[in-house]
Enquirer: 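The following block contains the structure, expressed as structure tokens.
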Amino acid sequence: MSRTYTLKGRSPAARGPEVEIDFAAELNPQQLAAVTAPPGQSLVIAGAGSGKTRTLTYRVAYLLKNAVAAENILLLTFTNKAAREMLERVEALLPQQTMGLWSGTFHSICNKILRRHAELIGLTRSFTILDSDDMKALLTKSIKESGVAKKVEEATGEKFPKASVILGLVSLAANTLTPLKKIIERDFSKDAEFVAGISKVAEIYRDKKAKANSVDFDDLLVRTLTLFREHPAVLAQYQYQFQFILVDEYQDTNGLQGALITALAGQHGNVMVVGDDAQSIYAWRGADFRNIIEFPERHDAAQVFRIETNYRSVPEILDLANEAIKLNDRQFPKTLVAARPKAKMKPVVAALYTPQEQAAFVCQRIQELHEEEHIAYSDMAVLYRAHFQSMDVQLHLTADKVPFQITSGLKFFELAHIKDFSAFLKFAINPRDEAAFDRLVQMLPGVGAGSAAKMWAAWLTSEPARSGSHPQSFSSIFEKIKVPLRAEKDWQQLGWTMDEFVKPDGTLHEPLAVMTSAMEGIYLAYMKATFDNFENRRQDLEQFMRFGSTFASIDEMLNELSLLSGPEAAEGAAATSKDGKPPDAVTLSSVHQAKGLEWKVVFIIWLTDAMFPNLRAAESNGGEGMEEERRLFYVAVTRAMDQLYMTWPRLWPKAYSGDAWQMPSRFLENLPPGSVDEWRIGR
């Protein structure tokens with residue numbers, strides 16, 4: 001049996017004033033059980049809105065109150081903000097007693113460890129950490145120095161991926177502890193030329209980092225794990241120091257993070273992991289669901305605590321969430337119980353005819369809730385499975401001057417690939433548009449700002465540039481302009497593609513035909529080689545093409561675009577107020593980005609059986625894929641505090657591939673009768 005031995009002469013004042021905490025009074029019984037758990041392995045399943053942060057905070061306080069020194073506690077979080085919040089809460093409970101406690105993200109903790117032992121892994125303590133731009137620049141140099149791009153393109157007839165795509169593949173391999181070759185074959189191409197070429201570039205990139213005494217974000221974790229495996233004495237030092245390890249959001253950990261936790265807890269095994277298996281939604285970026293679901297199997301003596309009292313949502317919303325997640329086979333069964341009284345209304349399901357009508361309903365209802373029920377715009381959110389699904393809502397909110405902010409990325413018409421596509425239209429209609437020309441030619445391999453300027457100077461000598469009218473044949477003029485050797489083939493293809501923009505009578509085709517030519521002729525291949533989230537961007541472009549199909553001419557479409565991105569759009573856009581407070585604006589967010597947040601009113605849109613669940617994502621990983629989609633729906637539902645609206649369009653006018661009738665999401669179909677109110681929407 002272990003014994004506590006107290007050194008004489010240590011001043012109690014150094015630990016701050018003695019403060020009594022009535023843990024039983026401050027916590028509910030389930031929280032209390034987790035907070036006061038004995039040493040050993042513990043898994044805390046904290047349901048949505050159940051006070052996870054409070055539980056972790058009081059666990060740290062409980063350890064400190066029971067003679068565990070702060071320096072013997074390691075608290076791992078996923079954001080620095082979460083780490084600061086927890087430390088501030090502990091400090092409020094036990095003033096001056098958190099000094100020495102190690103708290104932070106996996107990356108910040110690993111950085112701290114590596115700084116102490118850098119020489120053991122071939123670095124100096126002054127090593128630099130590459131930011132995203134540095135990483136991209138260094139990998140771009142690696143592509144150039146490898147000389148493989150041209151060879152692979154000649155052998156395959158396809159574009160070699162750009163730096164951002166390769167970085168995504170390398171990062172996924174590192175975080176999942178998977179060989180890079182396997183990741184390339186699964187996520188990019190099985191062609192041996194691509195596998196060898198990308199692997200060669202990755203090797204050069206790795207060597208360049210080492211020579212520059214630099215690491216990227218993934219290296220902080222990878223090299224720390226390597227340090228532990230190659231130097232057992234160093235690992236033993238930290239195993240001895242960190243007598244108690246606490247891990248927040250454990251369901252989001254990946255294979256690499258899981259291995260680090262296992263290594264640090266290897267001797268004493270005093271590790272408490274906190275999370276919610278029902279909110280494990282990041283498999284696409286490497287999170288490993290098995291980490292949390294198999295924790296009791298890996299640790300025979302592990303205790304499992306469930307915290308099921310929800311302080312966020314009304315009972316009607318929680319009942320729906322409980323029913324929705326029931327169908328998942330792989331889970332820790334639990335039932336969220338509301339601490340709040342019953343609401344005035346059930347969750348609402350509304351079927352609309354088109355995406356535009358769906359957006360009109362959402363916008364109108366938001367305005368009614370704001371004006372009639374005095375609900376702040378900032379207390380309302382619109383959630384969706386994919387970013388492109390927000391386009392129609394953005395259009396309606398902008399037109400009605402309803403302020404909104406987007407947490408899932410840029411506004412739709414500000415996205416890089418949407419701007420690229422707009423450049424085709426702008427240059428086709430206005431051959432004097434230098435910005436559009438620059439954007440188009442800098443998509444070509446080997447063309448930078450300098451080359452683009454020379455090409456523009458040559459273009460200015462052409463008749464279309466002088467007259468301001470588009471030519472009958474772009475390619476006949478393009479072939480007279482000198483371009484870098486690497487760009488010749490793509491420059492020729494761009495000319496042929498733009499020739500398709502022009503009708504036999506010399507006028508331009510309507511926007512949809514122009515965008516279809518641009519998509520099939522050049523941009524689809526460019527996008528796959530340029531962006532690591534190719535499929536999401538392709539869906540964005542299909543939605544943009546549907547938007548374009550509603551206009552008879554390019555002029556008309558561009559005029560509308562200018563309004564949507566100009567002063568009128570700025571009036572509807574949310575900006576931080578002068579006093580620094582968050583703006584009173586509706587939040588538009590993907591469900592992934594909404595995790596951990598909450599609003600009084602939530603609209604979940606595009607709940608059709610192709611969009612949510614996303615069948616492509618669901619089918620890519622068998623039954624596990626569908627279970628993750630169901631967890632994603634569960635996360636969306638549990639963001640709502642008071643009111644929940646779930647909508648779907650019956651018809652999806654897909655301009656690029658034809659109209660499609662939609663079926664309601666199976667998540668709606670599986671809800672028990674009477675759990676929702678179905679609204680009939682009149683026109």
Enquirer: Can you pull the side chain to side chain donor-acceptor pair (under 3.5 Å) pairs that have at least one residue in residues 190-206, sequence neighbours excluded?
Expert: Tyr205-Asp216
Enquirer: Have His117 and Tyr238 got a donor and an acceptor in their side chains that come within less than 3.5 Å?
Expert: yes
Enquirer: So, Gln394 and Ser390: side-chain donor and acceptor under 3.5 Å apart, yes or no?
Expert: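 Side chains of Gln394 and Ser390: pair found under 3.5 Å.
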Enquirer: Report yes if some heavy atom in the side chain of Ile198 is under 4.5 Å from a heavy atom in the side chain of Phe160; otherwise report no.
Expert: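 Result yes, sub-4.5 Å side-chain heavy-atom pair found.
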Enquirer: Do Ser126 and Thr124 meet the criterion of a side-chain donor-acceptor pair at a distance under 3.5 Å?
Expert: yes
Enquirer: Please check if atom NZ in Lys426 has more than 12 non-hydrogen atoms from other residues, nucleotides or ligands closer than 6.0 Å.
Expert: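 No, not enclosed.
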Enquirer: Report yes or no: is the cationic atom of Arg115 (NZ for Lys, CZ for Arg) under 6.0 Å from the centre of the six-membered ring of Phe127, at an angle within 45° of the ring normal?
Expert: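 Flagged: Arg115 positioned over aromatic ring of Phe127.
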Enquirer: Tell me yes or no: between the side chains of Thr105 and Thr77, is some donor less than 3.5 Å from an acceptor?
Expert: no
Enquirer: State whether a side-chain donor-acceptor pair under 3.5 Å links Ser171 with Asp218.
Expert: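 There is such a pair (donor and acceptor under 3.5 Å, judged by atom type) between the side chains of Ser171 and Asp218.
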Enquirer: Kindly confirm or rule out a cation-pi arrangement of Lys528 over Phe188, judged by NZ or CZ under 6.0 Å from the six-membered ring centre and within 45° of its axis?
Expert: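 Yes, a cation-pi geometry holds between Lys528 and Phe188.
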Enquirer: State, without any angle test, whether His387 and Asn536 hold a side-chain donor-acceptor pair at a distance under 3.5 Å.
Expert: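 Looking only at side-chain atoms, Asn536 and His387 do not form any donor-acceptor pair under 3.5 Å.
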Enquirer: Checking Glu500 against Ser517: is there a side-chain donor and acceptor pair closer than 3.5 Å?
Expert: yes
Enquirer: Taking atom types as modelled, is there a side-chain donor on Gln243 or Gln241 under 3.5 Å from an acceptor on the other?
Expert: no
Enquirer: Measuring from atom CG of Asn111 to atom NE2 of His107, what distance do you get when rounded to the nearest 0.5 angstrom?
Expert: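 Here the interatomic distance stands at 10.0 Å.
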Enquirer: Only one of Arg385, Gln279, Glu627, Lys595 clears side chain to side chain contact (heavy atoms under 4.5 Å, CB included) with Leu632; which?
Expert: Arg385
Enquirer: Do the numbers put Arg290 on top of the ring of Phe295, so that NZ or CZ is under 6.0 Å from the six-membered ring centre and no more than 45° off the axis?
Expert: no
Enquirer: Are side-chain N/O atoms of Tyr250 and Asn291 paired as donor and acceptor at under 3.5 Å?
Expert: no
Enquirer: Should we say atom NZ of Lys141 is surrounded by more than 12 heavy atoms from elsewhere, each under 6.0 Å from it?
Expert: no
